[in-house]
Amino acid sequence: MISITNVTKAFNLGSVNEVRALNGVDLEVKDGDFITIIGSNGAGKSTFLNAIAGTFPLDSGRIVLEDQDVTKWPEYKRAALIGRVFQDPLLGTCAGATIEQNLAMAMKRGQRRTLGIGIRARDRAFFKEKLAVLGLGLEERLKTSTGLLSGGQRQALTMLMATLVRPRLLLLDEHTAALDPKTGSMILELTEELVRSQNLTALMVTHNMNQAITLGNRLIMFHRGRIVLDIAGEEKRNLKVDDLLRRFSELRGDEGVSDRMLLC
Amino acid sequence: MTSYALFGALEQGFAYGLMVLGVYLTFRVLDFPDLTVDGSLPLGASVAAVVVTSGHSPVLAILLAGGAGFLAGAITGILNTKFKILHLLASILTMISLYSINLRIMGRPNMSLLGKDTVVDWFQAFSGLPSYVSTPILFAVICSVAVAALIWFLHTEKGFAFLATGDNKQMITSQGVNTDVVIIFGVGLSNALVAMSGALVAQNQGSADVNMGVGTIVAGLASVIVGETVFGDKTISRAFIAALLGSVLYRVAIALALGLKLGSFSFTPSDLNLITALLVIFALVMPRMKRRLLGGVR
């Protein structure tokens with residue numbers, strides 16, 4: 001159970017570059033919800049995920065995760081409850097460390113790190129078992145430096161790391177956008193599989209309408225730092241891409257500029 | 001080069017070995033260019049000089065020097081992480097303050113340790129070897145213990161967080177590590193090593209001087225680069241051993257350069273900074289040149 005109340009955040013307040021990125025956002029997320037988030041560029045989607053992760057302090061509002069008010073918690077402390085996968089496949093893993101070292105670091109998320117040896121024999125067996133699920137052959141390359149992997153392999157590893165310790169909330173920020181279509185759909189399948197098997201609560205930002213409709217049980221749309229659309233259950237299942245595009249253009253209409261005009 | 005000069009170079013290389021390990025820890029592991037070392041080396045020497053001349057144990061002197069160095073490094077870390085001062089500037093501020101602090105500690109610009117008990121004398125008496133042999137051995141043993149401890153540490157759970165902090169802050173923060181604490185502790189640890197190196201140098205040369213730290217960072221960096229170039233840095237264990245051997249190799253190279261005679265021209269110790277700078281440039285350019293000569297392969 002996650003409740004987000006009246007969250008606001010502005011950048012460069014008082015200057016010509018002032019951006020009201022989040023403008024009073026409210027959201028109640030039930031356990032097991034898999035919510036897809038859409039919206040045009042600059043609508044506040046990524047800022048919203050970063051606000052939950054604790055990347056910056058809020059201007060106002062409250063975030064409650066699992067009955068704990070985490071509004072004032074720094075990012076590293078919230079990490080105990082949150083798993084994250086970023087758009088940039090290089091951000092989620094440590095390039096200079098080996099695959100097994102990365103997994104060992106992820107296994108300690110939210111726990112005290114000790115002066116005990118970082119990787120033991122039984123950890124290796126566990127890592128191999130987990131990596132085999134990816135079907136990328138990484139289980140045979142435990143001692144390979146992560147920097148030598150492809151973007152898709154690194155993103156798959158990041159997915160695994162984010163869920164190695166079951167997170168109370170999984171944040172996915174356009175995590176397939178930087179990958180080729182085939183790798184992207186592989187990561188998406190992996191996402192579905194992990195969310196389903198661990199019964200995770202997840203928020204996923206995407207620019208792909210099709211993904212937004214087919215995945216998850218709820219869909220929200222951001223516009224100018226606000227949630228303007230919230231569709232769940234039966235209504236979401238019957239949703240078509242055309243419906244969403246129409247909603248988009250309605251919103252754009254009041255700005256007098258459409259995607260079509262921008263593309264001409 | 002005479003064997004006497006070679007032993008001298010070994011002695012210097014291992015005496016400054018702890019300093020080079022400290023520089024490696026900040027520059028390469030934490031990706032934190034730290035100039036505090038120019039101040040923490042004489043800090044260690046000053047503390048050691050005061051402790052030894054007041055009649056206390058020279059081992060205690062080294063430990064206290066390490067403690068003082070840790071504090072100095074931690075202050076640089078705090079200036080950087082808590083007050084958001086650029087790492088280079090933060091370290092320069094600490095380094096400059098240490099100049100005044102070192103003068104306060106000794107009460108004068110330099111201090112002699114002649115006639116006082118030092119670890120160097122102890123070990124010579126214990127081993128029964130001539131001092132030009134016993135001293136390099138003693139320092140090599142101390143450095144080896146430090147290398148082993150560092151390698152062990154970087155293979156622990158906490159050590160992994162260290163490696164990741166210098167590599168990908170976002171990643172390790174998302175895994176629940178407070179990188180501010182890692183940086184404060186890491187820069188502290190690095191300067192503890194540097195200050196202990198200063199304490200060894202002071203006990204070896206029989207004096208401490210506020211100006212003895214000038215150019216420490218360049219010598220440290222030169223040693224790190226020489227070590228990496230010659231011995232490689234494929235794994236973290238190998239990299240630390242390479243850094244230590246780089247320190248020795250660097251001092252041998254300096255000794256060779258000082259012994260060089262071209263007609264009536266010969267180098268003097270005052271040319272040391274120039275030679276060091278040229279050595280660093282050479283070591284930095286060499287991998288690039290090698291790549292170019294081998295063709296466009298990367």
Side-chain angles (χ1 to χ4, degrees), chain A residues 49-50 52-55 73-98 100-120 123 143 145-147 154 157-158 161-162 164-165 167 169-171 173, chain B residues 24-32 77-78 81-84 148-186 189 224 228 232-240 242-243 297-298:
Chain A
L49 289 203
N50 285 336
I52 298 172
T55 312
W73 286 20
E75 188 178 1
Y76 71 87
K77 198 173 167 194
R78 291 191 207 184
L81 305 170
I82 297 173
R84 292 185 82 183
V85 184
F86 308 91
Q87 179 176 1
D88 182 353
L90 308 184
L91 267 187
T93 48
C94 197
T98 60
E100 60 177 12
Q101 282 178 323
N102 271 289
L103 286 166
M105 286 187 248
M107 207 168 61
K108 285 277 142 187
R109 184 165 54 77
Q111 295 164 48
R112 231 190 127 68
R113 279 156 218 267
T114 67
L115 285 175
I117 284 302
I119 306 169
R120 294 183 175 81
D123 297 334
K143 293 194 188 296
S145 174
T146 311
R154 283 182 79 165
L157 183 59
T158 309
M161 286 165 62
L164 202 58
V165 174
L169 175 65
L170 179 63
L171 299 178
D173 190 358
Chain B
Y24 189 88
L25 191 62
T26 44
F27 257 87
R28 287 288 190 253
V29 177
L30 288 176
D31 194 21
F32 189 108
I78 289 168
T81 55
K82 300 298 177 198
F83 300 105
K84 310 291 173 208
L150 284 167
I151 290 174
W152 164 77
F153 175 67
L154 289 171
H155 281 88
T156 65
E157 291 169 10
K158 275 196 199 298
F160 284 175
F162 251 68
L163 294 171
T165 298
D167 191 333
N168 187 343
K169 277 206 182 67
Q170 176 65 67
M171 174 268 179
I172 197 64
T173 305
S174 312
Q175 300 301 341
V177 170
N178 184 353
T179 54
D180 287 2
V181 170
V182 173
I183 288 171
I184 294 166
F185 180 77
L189 181 63
V224 165
E228 280 177 347
D233 56 349
K234 254 197 133 47
T235 64
I236 196 73
S237 313
R238 184 159 176 176
F240 270 104
V297 193
R298 230 229 82 142

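Order of the sequence lines sets the chain letters (A, B, ...), proteins ahead of strands, with each chain counted from 1. Bear in mind the structure is a predicted one, so any value in this text is a computation, not a measurement.
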**Request:** Give a yes or no on whether the backbone of A/Leu115 and the side-chain of B/Lys158 come within a donor-acceptor separation of less than 3.5 Å.
**Result:** no
**Message:** Let's test your reading of the structure: which of A/Thr98, A/Ile117, A/Thr158 forms the most heavy-atom pairs below 4.5 Å with chain B?
**Reply:** A/Ile117
**Fill in**
In short, B/Phe160 meets A/Ala104 closest at the heavy-atom pair CE1-CB, 3.8 Å
**Fill in**
CD (B/Gln170) and CG (A/Leu90) are apart, to the nearest 0.5 Å, by 12.5 Å
**A/Ala97, part contacting chain B, at a heavy-atom distance under 4.5 Å** = backbone
**Fill in**
On a heavy-atom basis, the closest approach of B/Ser174 and A/Arg109 is O-CD, 3.4 Å
**Asked** What's the verdict on side chain to side chain contact (heavy atoms under 4.5 Å, CB included) for A/Thr114 and B/Thr156, showing C-alpha distance, side-chain angles and the deciding distance?
**Response** CA-CA 7 Å; A/Thr114 67; B/Thr156 65; over 6 Å; no
**Request:** Look up atom OG1 in B/Thr179 and atom CD in A/Glu75, then write down how far apart they are to the nearest 0.5 Å.
**Result:** 8.5 Å
**Prompt:** Which region of A/Arg78, side chain (C-beta onward) or backbone (N, CA, C, O), has a non-hydrogen atom less than 4.5 Å from a non-hydrogen atom of chain B, or is it both or neither?
**Reply:** neither
**Prompt:** Which of the residues A/Ala106, A/Gly110, A/Ala162 is involved in the greatest number of heavy-atom pairs with chain B at under 4.5 angstrom?
**Reply:** A/Ala106
**Request:** Count the heavy atoms of every other residue, nucleotide or ligand shown that sit under 6.0 Å from NZ of B/Lys234, and state whether that count exceeds 12.
**Result:** no
**Heavy-atom pair of closest approach, residues A/Cys94 and B/Ala164** = SG-CA, 3.6 Å
**Request:** Report the C-alpha distance between A/Tyr76 and B/Asp180 in whole Å, list the side-chain angles of each, state the deciding distance to 0.1 Å, and finish with yes or no for side chain to side chain contact (heavy atoms under 4.5 Å, CB included).
**Result:** CA-CA 10 Å; A/Tyr76 71 87; B/Asp180 287 2; over 6 Å; no
**Message:** Given 3.5 Å as the limit, does a donor-acceptor pair link the side chain of B/Glu157 with the main chain of A/Gly116, or not?
**Reply:** no
**Over all atoms of both residues, closest heavy-atom pair of A/Gly92 and B/Met171** = O-CG, 3.2 Å
**Prompt:** Applying the side chain to side chain contact (heavy atoms under 4.5 Å, CB included) test to B/Gln175, which of A/Lys108, A/Arg113, A/Arg84 qualifies?
**Reply:** A/Arg113
**Item:** Heavy-atom proximity to chain A below 4.5 Å, by part of B/Ile172
**Value:** side chain
